[in-house]
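The structure appears right after this line, and notes come after that.
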Amino acid sequence: MNLTIADAWKTLFDGAEPSSAGAYLEGAWAPADGNELGVTNPETGGLVAVVRDATTQDADRAVSYLAREHARSRWPLWQRREALARASALVNDKADEFAAIIVAESCKTITEARGEVARVVGILRLSAEAASSLEGGVVPFDNDARGEGWTGWFTREPLGIVAAITSYNDPLGLVAHKLGPGLISGNAVVLKPSSQTPLSAFALVRVLLQAGVPASHLAALTGSQAARALVGDARVDAISFTGGREAADVIASQGRARKLLMDLGGNNALIACADADVEQVVDSIIDGAYGAAGQSCLSVQRVFVAAPLYEAVVEGVTGRAARLRVGSKLDETTEVGPLITEETAAQIVATVEEAVAAGAVLQTGGTRDGAFLTPAVLTGVPHSARLWREEIFGPVVMVEPWDDLADAVERANAVDTGLQAGVFTRDIDVALDVASRLRVGGVMINSNSDFRIDAMPFGGFKSSGIGREGVSSAVEELTEPKIVAIRRSEGAA
């Protein structure tokens with residue numbers, strides 16, 4: 001791909017430089033103006049662009065404007081539907097520009113970036129179609145003696161102002177999952193994308209505005225001060241957050257009681273039964289563990305293999321992992337790109353080395369070159385190791401055998417997260433039994449945990465999050481029912 005981020009940005013922003021669109025608040029783009037936040041390329045460390053390092057005052061201005069203008073505005077559902085449908089078409093038309101921006105600022109390869117853009121086209125389309133789910137119903141007052149003489153109905157109404165906070169690993173997709181459902185529901189959304197990848201988010205905001213989203217319903221700014229200010233602002237009616245558990249705990253402890261929607265990741269398991277096909281299992285592990293260099297909340301991290309298949313699976317995964325092409329994001333043949341920062345890569349190496357020191361065997365990989373990390377396969381990892389207990393968020397997978405399926409399920413459940421899991425078996429009864437016992441939000445039969453379509457209710461159990469995303473589920477989460485009841489006059493027929 002020959003398109004540069006400068007060319008892509010100028011196409012989307014009518015020739016403007018990124019620093020001139022460093023935040024969107026009070027109905028206008030605000031330049032960096034000295035409050036500069038550098039955005040760097042994880043692969044090279046080079047500066048990609050400068051945006052506005054939004055201040056507490058910026059966040060207050062954004063929320064104050066939305067609180068005032070959203071209350072005054074009338075943006076009917078049919079207009080919301082049409083705006084999101086137009087936005088979907090515009091993203092599709094500018095797919096190359098969006099892919100160039102994603103590659104420049106994030107850890108995604110060009111192939112992964114194109115896939116993310118295509119997915120966002122679908123998310124926005126689904127969000128437009130979700131207009132049909134914003135229906136209420138009639139309340140059966142006459143089914144209760146106390147309801148005699150009453151009639152009424154309920155509608156689904158927006159919560160008000162939603163603060164949407166996203167992480168770096170899907171810089172466009174996660175933003176679309178917040179903005180699409182939030183806007184079709186009628187909310188005003190103030191977006192705080194990751195400070196490491198704000199450009200993709202701002203580009204999508206630009207397209208949404210072009211498609212007809214009014215300024216009364218949208219703001220976007222980034223920076224740590226802005227994030228803290230939004231979380232603590234009593235005028236924010238809901239927070240939709242994707243990120244880590246520590247940040248989630250801070251968010252939950254700040255501000256007033258309100259709706260929280262949180263996607264907090266997972267330490268996902270794959271269970272392979274003795275009747276599974278070895279090649280299929282190996283393919284699925286490779287795909288699920290190393291896509292996006294493991295920087296996905298759905299990545300396969302722990303693999304439990306029936307003892308008769310164990311050696312063959314370990315040999316297959318180790319061989320395949322060692323042959324994966326680690327390289328430049330712009331190379332069409334690259335299979336594993338960089339981690340988001342060199343520091344992140346170094347932390348993962350240290351966690352792997354800690355497990356090896358505790359008795360684990362490193363079968364392949366685990367070597368670092370800048371922000372790049374070769375895909376790692378480990379066996380014999382102690383369950384007390386951090387690598388086993390916590391989400392690693394990198395290209396690392398652990399494999400261990402099992403003799404008893406019930407024990408394998410118990411081990412799969414024995415972590416603090418429960419997002420999704422995969423189960424390989426040809427026996428439907430076994431598959432359904434295991435699915436019923438896994439304490440996770442989604443079980444993929446004969447696939448790995450890293451599968452999702454955007455119409456699914458998406459989320460997990462335990463500390464993997466609160467509520468469910470997926471377009472229709474998020475629309476329900478970001479609205480509340482309102483009842484209108486009428487008491488008939490005495491003597492009325």
Side-chain angles (χ1 to χ4, degrees), residues 24-27 59 62-88 123-137 139 152-166 174-192 204-205 208-209 211-220 230-231 233-242 251 255-263 454 457 466-485:
Y24 182 77
L25 59 155
E26 297 180 313
V63 175
S64 295
Y65 180 86
L66 293 182
R68 181 178 68 251
E69 298 302 320
H70 182 255
R72 295 174 177 174
S73 69
R74 181 182 181 275
W75 190 30
L77 180 58
W78 70 268
Q79 291 182 359
R80 305 198 303 256
R81 170 176 51 79
E82 290 192 353
L84 287 167
R86 282 192 294 268
S88 175
I123 293 169
L124 295 176
R125 175 182 54 78
L126 285 170
S127 296
E129 293 171 356
S132 62
S133 68
L134 285 166
E135 58 184 17
V139 179
W153 59 89
F154 70 91
T155 56
R156 295 207 69 87
E157 303 292 324
L159 299 178
I161 298 177
V162 177
I165 304 173
T166 59
L174 292 174
V175 170
H177 263 299
K178 307 295 185 190
L179 295 184
L183 293 171
I184 196 64
S185 301
N187 295 286
V189 185
V190 53
L191 172 68
K192 207 301 288 183
L204 183 57
V205 168
L208 286 164
L209 294 169
V213 174
S216 56
H217 284 66
L218 190 55
L230 291 175
V231 167
D233 197 317
R235 295 168 296 179
V236 172
D237 298 290
I239 297 178
S240 180
F241 171 73
T242 298
I251 290 170
R256 62 177 175 84
R258 57 192 160 188
K259 178 72 73 73
L260 296 177
L261 183 59
M262 294 185 167
D263 173 13
D454 299 301
I466 301 171
R468 290 294 182 270
E469 286 199 333
V471 173
S472 295
S473 299
V475 166
E476 183 172 353
E477 297 275 4
L478 296 174
T479 57
E480 294 286 9
K482 176 193 284 186
I483 293 176
V484 177

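- Scanning all heavy atoms of the two residues, the minimum distance from Gly212 to Ala83 falls at C-CB, 4.1 Å.
- The line from CZ of Arg156 to OG of Ser185 is 9.0 Å long, rounded to the nearest 0.5 Å.
- Smallest separation of non-hydrogen atoms from Val175 and Leu204: CG1-CD2, 3.8 Å.
- Arg468 and Ser473 share no donor-acceptor pair across their side chains, judged by distance under 3.5 Å alone.
- Atom CD1 of residue Ile184 and atom CG of residue Leu179 lie 12.5 Å apart, to the nearest 0.5 angstrom.
- Using a 4.5 Å heavy-atom cutoff, the side chains of Leu260 and Phe241 are not in contact.
- Side-chain contact between Ile165 and Leu230: absent, with no pair of heavy atoms (C-beta onward) separated by less than 4.5 Å.
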Audit row: Arg256, Asp237, side chain to side chain contact (heavy atoms under 4.5 Å, CB included) steps and yes/no: CA-CA 9 Å; Arg256 62 177 175 84; Asp237 298 290; 2.9 Å; yes

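- Residues meeting the salt bridge (Lys or Arg N to Asp or Glu O under 4.0 Å) test with Glu477, sequence neighbours left out: none.
- Closest of all the heavy-atom pairs between Ala220 and Val205 is CB-CG2, 3.9 Å.
- One finds the CG atom of Asn187 at 8.5 Å from the CZ atom of Arg80 (value rounded to the nearest 0.5 Å).
- His177 is linked by a ring-ring contact (aromatic ring centres under 6.0 Å, His included) to nothing, counting only residues two or more places apart in sequence or in another chain.
- Annotation for Arg74: atom CZ does not count as buried by contact number, only 12 or fewer foreign heavy atoms lying within 6.0 Å.
- Going from atom CG of Leu261 over to atom NZ of Lys178 covers 5.5 Å, rounded to the nearest 0.5 Å.
- Counting all heavy atoms, side chain and backbone alike, Ala219 lies closest to Ala62 at CB-CB, 4.1 Å.
- The CG atom of Asp233 sits 9.5 Å away from the CD1 atom of Ile239 when rounded to the nearest 0.5 Å.
- Pairing each heavy atom of Ala176 with each of Ile123, the nearest pair is O-CG2, 3.7 Å.
- Interatomic distance, NE2 of His217 versus NE2 of His70, reported as 3.5 Å (0.5 Å rounding).
- Considering Leu25, Val190, Val189 in turn, Val190 is the only one that fulfils the side-chain contact (heavy atoms from CB on, under 4.5 Å) rule with Leu66.
- The heavy-atom pair separating Trp75 from Pro214 by the smallest distance is CE2-CD, 3.4 Å.
- Of the possible polar contacts, none joining the Arg68 side chain to the Ser216 backbone as a donor-acceptor pair under 3.5 Å is found.
- Looking at heavy atoms from C-beta onward, Glu469 lies out of side-chain contact with Pro181 at the 4.5 angstrom threshold.
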